[in-house]
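The sequence lines fix the lettering, A, B, ..., with proteins before strands; numbering per chain opens at 1.
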Protein chains: 2
Amino acid sequence: MTAISNKVINRLTLYHCLLKYTCKGNSFIASSKIADLLDLDDSLVRKDIALCGVLGHKKQGYVVAELKKSIEQKLGFSDRKEVFIIGAGRLGTALIHYADFKDYGIDILALFDNNPNKIGKEEGGKRIISLEKLPNLISRINIKNIILTVPPYAAQEVTDYAVKYGVRFIWNFTPTVLKVPKSVTVYNENVISSFMQMQNSKNK
Amino acid sequence: MTAISNKVINRLTLYHCLLKYTCKGNSFIASSKIADLLDLDDSLVRKDIALCGVLGHKKQGYVVAELKKSIEQKLGFSDRKEVFIIGAGRLGTALIHYADFKDYGIDILALFDNNPNKIGKEEGGKRIISLEKLPNLISRINIKNIILTVPPYAAQEVTDYAVKYGVRFIWNFTPTVLKVPKSVTVYNENVISSFMQMQNSKNK
DNA sequence: CTCTTATTGTGATTTTTTTCACATAATACA
DNA sequence: TGTATTATGTGAAAAAAATCACAATAAGAG
């Protein structure tokens, strides 16, 4: 199986959301319909779908249920991915309540914070644990993924800790650029960049 | 001035964050340093910087303050961009507290919700206003940008409203795909897609 | 049963993006 | 003052992504 690019992953995920929410009534969907809703070229949509091994039907399009399931398999939505959230501020707690995570195999086990008033409490059914216990828990449960929602000034220090104890993927919601070894992946969820990209589409 | 691609915007924003937080002590920075921190090719970094009209200095690199300011100008960080947040749930209120927005010209004027218990209250110094007042306020203040943080089932309805009264850019934090006229831009901030892209980088 | 039409699947082409490679030149140091 | 070094700036090449174009074909109408 050949590697699949991030651009394709992004589009397939959007197709999946479209099937899940926007077109849930229909049993068939045409590539041109998907393309239209997402402002893409329809042949690009067909090529993406072909990567999932799904065949369409002439004059009808793709079977929605089949396509949805194939995207789930291709992107591994049902593989369980255990995650810690570090930083139980507003964003961290908003994420723990994000209902769709569990549909995509993203299993948030706990939140971590260093605020004594928060430690021990629950949020969205998950415990808020002291940051001191992070290293031990990362290595014991063998956590590979963290969501970083701490204030910018704390981001690098927490990162160093997490990496030292075995974290491999850091979903960075802070506006900082993190220094990590080459073996660690940082995904920068930079909201400023998103906004600027949105504004850039003035040329329509 | 030629158009600038979303990829370039994304990288320039990250360079800016890097200069702002990670390298704030230094007066010079080399393209190879930026490239290393963001796992990019250094010539790509230099080409991005060239687009901002900044010249470097042989054997020293770029002047941090100058580069930072030029990125701000190129990407229009100081242009004021007025925004409404629709949906005063956890995510909406987390975003209103996001301190960096104002540094980038993103001015959130108010939150909207249809929950009577929230209406009239304040969050992060901004009023929570009834959704009923949205159309009037969009057209009166001439709001072009909205942040959509409503539950998925409400997303399309709110979108139709907003578009009807003049909104041009929708920053969609819901997992739905929105139907909009071609003249309206939707930026899908799809967190599932981000997570999957992060996980995809296993090939390192 | 035949014809029209809508839609797929994909090879070829084009466009965009990234990487490579290296001439150029300023700095620091001996 | 001269030399080695280190970083820029950018053309050329390569790689990746998107678009174009169209043959194939199944569905549905009549």
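Counting heavy atoms from C-beta on, the side chains of Ile9(A) and Ile4(A) come closer than 4.5 Å.
Residue Asp41(A) has its side chain nearest to dT19(D) when only dG11(D), dT8(D), dT19(D) are considered. The listed nucleotides are dG9(D), dT19(C), dA17(D); the one nearest the side chain of Ser5(A) is dA17(D). Which of dG9(D), dC20(D), dT8(C) sits closest to the side chain of Lys58(A) comes down to dT8(C).
Salt bridge absent: Asp36(A) and Lys179(B) never bring a charged side-chain N and a carboxylate O closer than 4.0 Å. Salt bridge status for Arg46(B) with Asp42(B): present, with a side-chain N to carboxylate O gap under 4.0 Å.
A heavy atom closer than 4.0 Å to some atom of DNA chain C occurs in Ala30(A), Ser31(A), these being the qualifying members of residues 28-36 of chain A. Only at 4.0 angstrom or more do the heavy atoms of residues 188-197 of chain A sit from any atom of DNA chain D, so none qualifies.
In this model, the phosphate group of dG9(C) is not approached by any side-chain N or O of Arg46(A) to a distance below 4.0 Å at OP1 or OP2. Within the 4.0 Å cut-off from OP1 or OP2 of dT24(C), not a single side-chain nitrogen or oxygen of Lys59(B) is found.
Along DNA chain D, the nucleotide nearest to Asn6(A) and the one nearest to His57(A) differ in position, and the one closer to the 5' end is contacted by Asn6(A).
Using a 4.0 Å heavy-atom criterion, one finds that Leu40(A) contacts no nucleic acid atom at all.
Judged purely by atom type and a 3.5 angstrom limit, Lys118(A) has no side-chain atom pairing as donor or acceptor with the backbone of Gly87(A).
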